[in-house]
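Input: a single structure, listed below in structure tokens.
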Amino acid sequence: MSLQGKKVLVGLTGGIACYKVPYLVRDLMRQGAEVRVMMTKSATKFITPLTLETVSGYPVAVDMFPEREFVGTRHIDLANWPDVVVIAPATANFFGKIASGVTDDLLTTVVIASPVPVMVAPAMNPQMWQHPTTKRNAAYFREIGYEVVGPAEGDMACDHVGIGRMVEPREILAAIERLLGKKKSVPTNQTKAVLTGKRLLITAGPCREPIDPVRYISNRSSGKMGYALAEAAVQLGATVTLVSGPSRLSAPSGVDFVPVETTDQMYQAVSQRFPDTHYLIMAAAPADFAPSQAAAHKIKKQQAEMQLSLSPTVDILKAMGERKKDGQVLIGFALETDDGIANARRKLKAKNLDMIVLNNPLDANSAFDHDTNKVTIIQPEGDPEEWPLDNKSNVAFKLLEKIAGMA
């Protein structure tokens, strides 16, 4: 059991995602953890304390000063008890309170008073998550060392679709295991901070080009390689910005996370940040073509064939290659199924790259949606380097250590 003997304090704030938390508590206990629960009064509107007490086997803490109970320094006792505090779901209200130092209930007081790591799983409407205030607060959380897990993309209880839903309990469990050191992915011989002082801009995931309000053109990219690079870069000492298309992955702790949807949005995000970047690593899979015009309303199914007119999208990496200054390093990824090395070399030259990483989705357990990857490293000079199939995390560390010192 990966969390044997660990103490986990789970806090719920007021959101519909509260219904998922009993599953998280159950999974934590199955991994050997001892779990206590605290709730805001708003959270009790979505799920009862009795449910969490039944699952955890302990009373649930709600009130700062409960009647007919000796409380003393209850908030300090709770704050000092666990090995980690996990707030799931975490609302926009919670983000605002903690970022402002407001402790007007038991849960926020415990979080502020706790000397142990804090993990936060956001859950809110997409507009609320994208609001500048929430984005600022989330960035501040990461700055002070909080682990922000998610949010994920999907359907909302409010009938909206977008980024804002709480990640699934199994993802929070995995993040807790990583945080407590039971599944640390950094190879023991690769922990040197070789990128200290460097600013890395990394792209990941697919882009979506709308056909109408319902349909879009996209690809099978999961974003795993780009997210692995971002996580590894942080652990190697870099300042990291991750620009990601839609992905079900959680943003790694310590990165400046910039979610985008379309290729043009990714282009704008990269363009804005590129001038102050030492390394740009384009691991994303932006679209090559987009509908020439997206329909304002859902296109109805008809008996006749429908033809879709497509126009080329901006080539982000080529555009950055044309703007590259001395001291900047550009690294691209090439996904090829035929004549891989020849095609990758052409891209390397045409886009003014310093390195290109070639992979083939037809290779077993490689590229799309796999946790492993088999890559070939190609630079302007020298022979291609074929690396064996390996975990994407290991590939990320190996690649970053190879490029360290180039900028």
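None of these values were measured; they are calculated from a predicted model. No hydrogens, no waters, no symmetry mates; every other heavy atom, side chains included, goes into these values.
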Taken in chain and number order and not counting sequence neighbours, the residues that satisfy side chain to side chain contact (heavy atoms under 4.5 Å, CB included) with K135 are Q130
By salt bridge (charged side-chain N to carboxylate O under 4.0 Å, His left out), D105 pairs with (sequence neighbours left out) K97
Applying side-chain hydrogen bond (donor to acceptor under 3.5 Å, both in side chains), can you list everything that pairs with T48, at least two apart in sequence or on another chain?
T51
Exercise: identify the closest heavy-atom pair between M166 and A88
SD-CB, 3.8 Å
Ion pair check, D354 and K324, cut-off under 4.0 Å
yes
Exercise: identify the closest heavy-atom pair between T91 and T13
N-OG1, 3.1 Å
Please enumerate all residues that pass salt bridge (charged side-chain N to carboxylate O under 4.0 Å, His left out) together with E336, with sequence neighbours excluded.
K347
For L400 and A232, work out which heavy atoms get closest and say how close.
CD1-CB, 3.7 Å
Those residues at least two apart in sequence (or on a different chain) that pass ring pair (Phe, Tyr, Trp, His ring centres under 6.0 Å) with Y146 are F141
Side chains of T263 and E209: do they bring a donor and an acceptor to under 3.5 Å?
yes
Can you name the side-chain hydrogen bond (donor to acceptor under 3.5 Å, both in side chains) partners of S292, sequence neighbours left out?
S309, S311
Pair R199 + D276, salt bridge at N-O below 4.0 Å:
no
Give a yes-or-no answer on whether the side chains of E34 and Y58 include a donor-acceptor pair shorter than 3.5 Å.
yes
